[in-house]
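See below for the structure under consideration.
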Amino acid sequence: MDEALRKTLHRDTLAVREAVERSPFGENSEALYLTSGYVQPSAESGALRFAGDEEGFTYGRYGNPTTASFEQRLAALEGAEACMATASGMSAILMMCLGLLKAGDHVVCSQSMFGSTIKLIGGDLAKFGVESSFVPQSDVAAWKAAIKPDTRLLFAETPTNPLTEVCDIAALADLAHNAGALLCVDNCFATPALQRPIALGADIVMHSGTKYLDGQGRVMAGALCASQALVTGKFLPVLRSAGMTLSPFNAWVVLKGLETLDIRMRAQSDNALALAKWLEALPSVARVYHPSLTSHPQHELAMKQQSGVGGAVLSFEVKASSPEQARQRAFHVLDALRVLSLSTNLGDTKTLCAHPASTSHGRLSEAQRQAAGVGQGLIRVAVGLEHITDIQADLARGLDTLP
Ligand SMILES: *Cc1c(COP(=O)(O)O)cnc(C)c1O
């Protein structure tokens, strides 16, 4: 497609059309290229391609046409110049950190980040001399106070798991840039269908393609979207030497997932809001967390930042008089499910229910869990595409018969 025409197309169109050129066979659905190597047209071309001075694929660790289609399509949806795919969301974070940081550099993160992100940055990278501070998600002053002369990166995730806390992307971008640092946003929960951090000033968008981008719970994938300079200058060299390469098969699956991302996110968010309102009215439920509820502490910011849509994840607390009873009641609700899945994943068309205190947050001490706001009665629901009445009925099985 020529560049002038491409520039006139809307995001919805690019979500189904953006890809590398068709092969001479004229396939309508993008081809799945399973090859680890590429035949070079000449020794001279091979040399130029390896040096990065000529377009063309050389070896499967650094690039693949199917993966390139996924990268181009995701970059178009995020409004980014470029994108680099990785084997998983966590390997995207590793690629970013290896590309941007060295011993002595400092990172500021939200303390409500995904658990493995906290372990990777606060634990594994600390072994190599990278320092980090973890601050309350929505407290811009705390982010500012944590910045030091060696701060190179601010890393936020919004909304967070499992309490859907929201941070102000534009405010954090200003803080980062005033300090000469970059802002990365983990856009897993909102996806580019609802939230485009680069338009709000973020430098890097990180994705776990495993979640809503695939959207049907099939494959692992990850990606970083950023400027061309960051992608080719900082991330590609890490991919070449460290090899956190996305499998072309997985890239193809997620590429197809992107075609329905927008309608899935909207339909699942509608279901989530309906479920949140229903739960909020139940006498057995103490509290519901979802950005579309007016009771959400950052409701207005979330609506502004997320195109007026709250997302498909909510959490709720079962009413109880002690942590022991809360845990027993939450387990009762989860064990009574007959349609929805008891599963810690999210981003599927099937509704997934989880008990964060004993799973994703199970490695934390009770004090850390309290600080994260994850009580024993908390249940997270990643709402799918089932009929809302069936979702409610399945949760009511346990909620109506609490021990
Ligand atoms: C799942 C997840 C990740 C990690 O992604 P993987 O693909 O599982 O490696 C990172 N951030 C958030 C918010 C996630 O939900």
Side-chain angles (χ1 to χ4, degrees), residues 67 70 74 78 83-98 107 109-125 134 137 153 155-167 169 184-195 197 202 204-225 242-247 249-251 253-254 257-258 261 265 268 272 289 291 302 306 310-315 343-348 352-354 356 359-363 372 374 380-384:
T67 306
F70 163 61
L74 183 58
E78 286 288 0
C83 169
M84 184 114 282
T86 55
S88 66
M90 291 319 301
S91 61
I93 301 176
L94 180 63
M95 180 165 80
M96 171 174 71
C97 293
L98 290 179
V107 186
C109 295
S110 156
Q111 66 194 18
S112 325
M113 300 286 283
F114 188 65
S116 298
T117 307
I118 294 178
K119 292 216 61 118
L120 177 64
I121 293 180
D124 298 296
L125 288 174
F134 293 88
Q137 167 83 353
L153 181 69
F155 190 12
E157 174 188 320
T158 183
T160 57
N161 172 36
L163 298 181
T164 70
E165 292 170 274
V166 173
C167 65
I169 296 173
C184 174
V185 174
D186 178 335
N187 203 21
C188 253
F189 271 55
T191 82
L194 308 185
Q195 170 174 282
I204 304 162
V205 173
M206 173 260 146
H207 270 290
S208 166
T210 317
K211 310 295 168 55
Y212 292 101
L213 304 189
D214 167 18
Q216 288 139 90
R218 300 166 295 189
V219 298
M220 306 291 299
L224 296 177
C225 297
M244 54 281 277
T245 310
L246 179 61
S247 131
F249 177 79
N250 291 6
V253 171
V254 184
L258 288 180
L261 177 66
M265 284 309 292
Q268 291 178 224
Y289 303 86
Q306 297 176 210
V313 177
L314 65 84
S315 292
S343 172
T344 42
N345 194 13
L346 63 98
D348 202 316
L352 311 177
C353 303
T359 58
S360 55
H361 293 66
R363 287 190 287 180
V374 177
R380 186 191 74 190
V381 188
V383 184

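Residue indices begin at 1 and follow the sequence shown. Whatever order the structure lists them in is the order used to number ligands and atoms, beginning at 1.
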### Message
Within 45 degrees of the ring normal and closer than 6.0 Å to the centroid, is that where the cationic atom of Lys119 sits relative to Phe134?
### Response
no
### Query
Is there any N or O on Met90 that sits under 3.5 Å from an N or O of ligand 1?
yes
### Query
Please state which protein non-hydrogen atom is closest to atom 15 (O) of ligand 1 and give its distance, to 0.1 Å?
Lys211 NZ, 2.7 Å
### Message
Is there a side-chain hydrogen bond (donor to acceptor under 3.5 Å, both in side chains) between Asn187 and Glu78? Walk through the geometry before answering.
### Response
CA-CA 10 Å; Asn187 203 21; Glu78 286 288 0; 3.0 Å; yes
### Message
Could you identify the single nearest non-hydrogen protein atom to atom 8 (O) of ligand 1 and state the distance to 0.1 Å?
### Response
Met220 CE, 3.7 Å
### Message
If you define the side chain from C-beta out and look only at heavy atoms, does anything of Met90 sit under 4.5 Å from Phe114?
### Response
yes
#### Entry: Min side-chain heavy-atom separation Val205-Leu224 under 4.5 Å
no
### Task
For ligand 1, find out whether one of its N or O atoms is nearer than 3.5 Å to an N or O atom of Ser208.
yes
### Query
By number and element, which atoms of ligand 1 are closer than 4.0 Å to a non-hydrogen atom of Glu157?
13 (C)
### Query
Does a donor on one side chain sit under 3.5 Å from an acceptor on the other, for Thr160 and Gln137?
no
### Query
Of all the heavy atoms in Ala221, does at least one lie under 4.0 Å from an atom in ligand 1?
yes
### Query
Is there a donor-acceptor pair closer than 3.5 Å between any side-chain N or O of Thr158 and the backbone N or O of Cys167?
yes
#### Entry: Backbone or side-chain N or O of Gly89 under 3.5 Å from ligand 1 N or O
yes
### Message
Contact between Arg380 and Leu346 at the side-chain level, heavy atoms closer than 4.5 Å - yes or no?
### Response
yes
### Query
Any N or O of Asp186 that comes nearer than 3.5 Å to an N or O of ligand 1?
yes
### Query
To the nearest 0.1 Å, how far is atom 4 (C) of ligand 1 from its closest protein heavy atom, and which atom is that?
Phe114 CE2, 3.5 Å
